[in-house]
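Below: the structure, in structure tokens.
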Amino acid sequence: MQQFTDAIRSALAAQSGLKSSALKIETPRDPSLGDFAFPCFGLAKSMKQAPPKIAAELADKLGADLEGIEAVATGPYINFRVERALLARTIIGEVAAAGANYGHNTSGAGQTIVIDLSSPNIAKPMSVGHLRSTVIGAAIERILASQGYATVGINHIGDWGIQFGKLVAAIDRWGADSDLESDPIRALLSLYVRFHTEAEAGDTSLEEEAQQNFQELESGEEGPVRATWRRLTELSLAEFQKIYDRLGVNFSQVRGEAFYEPYLGPTIERIEATGITEMSQGAEIVDLSTLEKNMPPCLLRKTDGTTLYATRDLAAVFHRWEQFEFARCLYVVGSDQKLHFRQLRGVCQRMGLDWADRIEHIAFGMMRLPEGKMSSRKGRVVFLEDVLDRARDEAFKIIAEKNPDLKDARGVAEQVGVGAVVFNDLKRERIKDIEFVWSEVVSFEGDTGPYVQYTHARLTSIERKAAEAGEGGAEPDWAALADADQVLLTLGRYPDVLRSAGTHAEPSELATWVLGLCRELNNWYAGHRVLGQAPELSAARLQLVKASRSTIHSALGLLGLAAPDQM
RNA sequence: CCGCCCGUAGCUCAGCUGGAUAGAGCAUCGGAUUUCUAAUCCGACGGUCGCAGGUUCAAGUCCUGCCGGGCGGACCA
């Protein structure tokens with residue numbers, strides 16, 4: 001595909017005298033106008049002529065330079081149309097040659113990208129909110145890996161902070177009442193909720209105990225508090241792992257904030273050594289108002305000497321730099337923490353670290369319930385496990401109804417149900433807030449994951465039947481794919497889409513693109529039969545089916561959805 | 001009060017980082033199955049692109065100001 005735009009670019013450059021990299025090749029709004037377009041407005045000044053006249057003259061000259069590409073002036077535009085057989089042969093040839101790696105490239109070779117994702121909090125349920133970080137982060141990581149980068153996915157577990165003092169206090173008092181073993185997360189959540197209700201009801205001793213517990217924890221003492229904290233961590237991680245297995249997500253590193261405990265002192269010393277720290281109201285801070293007016297200072301140490309979230313993230317980012325010398329360090333964290341990451345980068349900038357701007361906050365919108373914001377303190381959360389279960393059960397019902405003979409219906413139902421949930425989180429621009437609506441999450445029609453999976457299954461089915469019937473061996477009649485030109489052009493854009501999704505860290509670009517491809521395919525094969533045609537025709541159509549199926553399979557994999565062969 | 005983000009069809013969203021008559025899905029209504037899975041396809045309905053200015057040959061897209069919603073704003077994470 002790129003060979004077409006390259007040819008157009010260099011021909012235009014030769015005729016206009018402009019640099020080929022400066023020429024913007026667009027896609028016409030109306031596909032019937034052509035495959036590519038070049039607006040001539042920009043040339044009007046230098047050539048001192050009206051754009052339509054330039055277009056007409058250029059189109060004539062270009063015709064001779066371009067082999068297999070027709071150039072036609074339409075008003076101020078030059079529209080280009082690739083000869084249909086050439087288009088089909090080229091695109092399908094590219095896909096076939098690259099196989100499962102179509103669209104991949106090696107532009108990131110030798111560079112490492114660190115991605116901080118998921119990062120659930122110990123003793124709290126994995127909510128549909130954490131799903132966003134996990135699913136978006138994992139998709140970004142796979143997409144970047146397809147561009148040749150070495151990726152390091154880090155699950156930065158929230159296992160530190162005052163809330164553990166609270167939990168230990170709650171367990172000490174009421175732990176005997178609850179069943180921590182069989183359903184630890186829910187038991188811990190109710191303990192956490194009880195702590196807050198009773199503390200608000202006037203039991204001041206609770207907060208004191210929590211404070212003492214956390215101080216003991218931070219002191220490093222191997223006492224009862226640390227033992228309980230350790231047990232909480234183990235129970236929670238085991239629960240989280242169940243979800244990660246269902247989502248098919250793996251991490252290069254799973255590290256708690258506690259890991260950075262030994263680095264906190266050196267981290268603060270290192271920042272102090274650059275002379276940017278100061279004491280303010282009893283706390284140790286870095287002033288950031290010189291970078292951006294109104295930016296609040298970053299607190300490194302509280303009045304009582306203990307560290308904060310920001311200190312631990314600074315320790316972590318130094319550690320990551322030393323370990324990986326990353327080209328980018330991405331934090332897939334909700335948009336409510338924007339200020340935190342601006343401050344993190346701000347401190348690095350003030351320290352004079354030349355890699356400070358490699359730190360990027362990949363923010364995503366908040367997940368909200370129709371009844372309001374989610375709150376684990378109030379117990380108002382939707383458990384991810386429940387969402388996945390319900391989606392799987394709905395999928396199973398539909399299979400039972402539409403495809404009762406499907407083998408491994410339970411396994412496929414899991415793939416489709418999880419696929420629906422995952423895709424629902426990836427399909428819109430990540431910065432947009434989402435309201436959690438059950439009917440949308442477990443929907444399998446229209447712009448959904450199952451729609452893409454279904455398209456894939458249909459195409460697979462055609463391939464299977466072709467193999468059974470022994471069809472498709474003839475020399476393909478590429479010109480016969482003229483009626484699938486839009487599918488081919490979309491397929492041809494896949495490498496660009498992947499590249500863009502990677503640099504923007506925006507999986508929705510890929511999700512939107514694959515939906516469009518599926519729509520065009522469904523539209524096409526609703527009206528065109530593949531099997532049982534003239535051998536050259538069937539062969540050509542089968543080639544299109546294969547290239548499409550393979551590319552959808554690849555896209556689903558990058559997004560983190562399974563691609564069942566039947567459903 | 002200050003800062004950042006969002007505002008496109010009844011609802012959920014695309015709109016290729018300024019270009020040709022603004023596109024999908026859901027919902028509603030009407031249609032398509034002797035033949036590769038109807039989780040599909042086709043058609044109809046539906047828009048002063050929040051409002052007002054400005055820059056430009058050209059603005060949904062860039063700038064300014066308002067309005068509405070979200071999120072932040074030193075010892076939580």
Side-chain angles (χ1 to χ4, degrees), chain A residues 24 26-30 33 37 39 41-42 44-45 50-51 74-77 79 119 121 158 160-163 257 280-285 292-304 306-310 312-313 333-340 342 363 365-366 368 373 395 398-399 401-403 406 416 420 427-429 431-435 437 439-440 443-448 450-451 453-455 457-466 469 471 493 496-497 500 504 508-509 512-513 515-516 518-519 522-532 541-542 545 566-567:
Chain A
K24 193 188 170 195
E26 322 182 330
T27 310
R29 268 208 192 292
D30 181 355
L33 289 169
F41 304 101
K45 258 181 199 162
T74 311
Y77 291 86
N79 291 313
S119 308
N121 293 319
W160 210 243
I162 187 69
Q163 74 266 29
E257 292 180 274
S280 170
Q281 300 169 31
E284 184 165 13
I285 66 159
E292 268 180 64
K293 63 171 185 179
N294 295 332
M295 174 129 69
C298 179
L299 269 78
L300 299 178
R301 222 198 282 270
K302 297 196 280 192
T303 314
D304 67 3
T306 57
T307 61
L308 290 109
Y309 180 42
R312 298 192 281 275
D313 256 354
V333 179
S335 60
D336 54 345
Q337 294 190 40
K338 259 190 136 166
L339 176 60
H340 168 72
R342 270 173 44 220
M366 299 287 95
R368 196 174 309 101
K373 197 182 173 181
I398 294 176
I399 291 171
E401 178 192 327
K402 300 186 183 249
N403 199 354
L406 181 65
V416 172
K427 72 180 178 186
R428 53 204 122 209
E429 205 183 358
I431 197 64
K432 294 213 156 87
D433 289 347
I434 300 185
E435 190 178 352
V437 180
S439 63
E440 283 177 20
S443 162
F444 301 142
E445 290 172 16
D447 287 349
T448 65
Y451 173 76
Q453 291 173 315
Y454 177 75
T455 308
R458 293 280 308 262
L459 297 174
T460 308
S461 180
I462 295 173
E463 279 187 52
R464 188 174 53 245
K465 300 213 163 162
E471 289 196 41
R493 281 185 211 110
D496 284 341
V497 170
S500 175
H504 297 149
S508 69
E509 292 183 15
T512 307
W513 172 85
L515 279 173
C518 289
R519 182 135 291 114
N522 277 307
N523 176 300
W524 174 77
Y525 72 56
H528 298 83
R529 235 188 119 65
V530 175
L531 304 179
R541 288 182 176 170
L542 190 61
V545 166
Q566 296 182 53
M567 62 186 269

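Letters A, B, ... are given to chains in the order of the sequence lines, protein chains preceding strands, and every chain is numbered from 1. Since this is a predicted model, take the numbers as computed values, not measurements.
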Where does B:A27 fall, syn or anti, if syn means a chi angle no more than 90° from 0?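 Nucleotide B:A27 adopts anti.
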In whole angstrom, give me the gap between the P atoms of B:A20 and B:C49.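 Here B:A20 and B:C49 have their P atoms 15 Å from each other.
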Nearest-angstrom distance, P atom, B:A74 to B:G69: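 So the two P atoms sit 23 Å from each other.
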With a cut-off of less than 4.0 Å, is there a side-chain N or O of [X] near OP1 or OP2 of [N]?
{"X": "A:K465", "N": "B:U37", "value": "yes"}
{"X": "A:K373", "N": "B:G69", "value": "no"}
{"X": "A:R529", "N": "B:C36", "value": "no"}
{"X": "A:S335", "N": "B:C5", "value": "no"}

Does A:D433 come within less than 4.0 Å of A:R368, counting only side-chain N to carboxylate O?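 Looking at A:R368 together with A:D433, the answer is yes, because their closest N to O distance falls below 4.0 Å.
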Please determine whether a side-chain nitrogen of the Lys or Arg among A:K465 and A:E463 lies less than 4.0 Å from a carboxylate oxygen of the Asp or Glu.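 Salt bridge between A:K465 and A:E463, a charged N being under 4.0 Å from a carboxylate O: no.
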Applying side-chain hydrogen bond (donor to acceptor under 3.5 Å, both in side chains) between A:D447 and each of A:R519, A:K427, A:R428, report the one that passes.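 With A:D447 as partner, side-chain hydrogen bond (donor to acceptor under 3.5 Å, both in side chains) holds for just one option, A:R519.
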Once you apply a heavy-atom cut-off of 4.0 Å, does [X] come out as touching a base, just sugar-phosphate, or nothing?
{"X": "A:R312", "answer": "sugar-phosphate"}
{"X": "A:H528", "answer": "base"}
{"X": "A:P51", "answer": "nothing"}
{"X": "A:R493", "answer": "nothing"}
{"X": "A:R428", "answer": "sugar-phosphate"}
{"X": "A:T27", "answer": "base"}
{"X": "A:L308", "answer": "sugar-phosphate"}
{"X": "A:A44", "answer": "nothing"}
{"X": "A:N79", "answer": "base"}
{"X": "A:K24", "answer": "sugar-phosphate"}
{"X": "A:Q566", "answer": "base"}
{"X": "A:A37", "answer": "base"}
{"X": "A:D496", "answer": "nothing"}

Rounded to whole angstrom units, what separation is found between the CD atom of A:Q337 and the P atom of B:C76?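 So the CD-P distance, A:Q337 to B:C76, works out to 15 Å.
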Is there a donor and acceptor pair closer than 3.5 Å between the side chain of A:N403 and the base of B:A38?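 Not at all, since no donor on one side and acceptor on the other fall under 3.5 Å apart.
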Measure the CG-CD1 distance between A:L308 and A:I285 for me, rounded to the nearest 0.5 Å.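 With rounding to 0.5 Å, CG (A:L308) is 12.5 Å from CD1 (A:I285).
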Just to verify, what does A:E435 make a salt bridge (charged side-chain N to carboxylate O under 4.0 Å, His left out) with, not counting sequence neighbours?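 Here no residue qualifies.
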[X], nearest nucleotide to its side chain (from [options]):
{"X": "A:K432", "options": "B:G72, B:U21, B:G7", "value": "B:G7"}
{"X": "A:I431", "options": "B:C6, B:C36, B:A74", "value": "B:C6"}
{"X": "A:L33", "options": "B:A74, B:A77, B:A20", "value": "B:A20"}

Tell me, for nucleotides 39-45 of chain B in 5' to 3' order, what letter each nucleotide earns: B for a base near a protein heavy atom under 4.0 Å, S for only sugar-phosphate near one, - for neither? BSSS---
Dot-bracket encoding per residue of RNA chain B, Watson-Crick/G-U cut-off under 3.5 Å, | denoting interstrand: (((((((..((((.....[...)))).(((((.......))))).....(((((..]....))))))))))))....
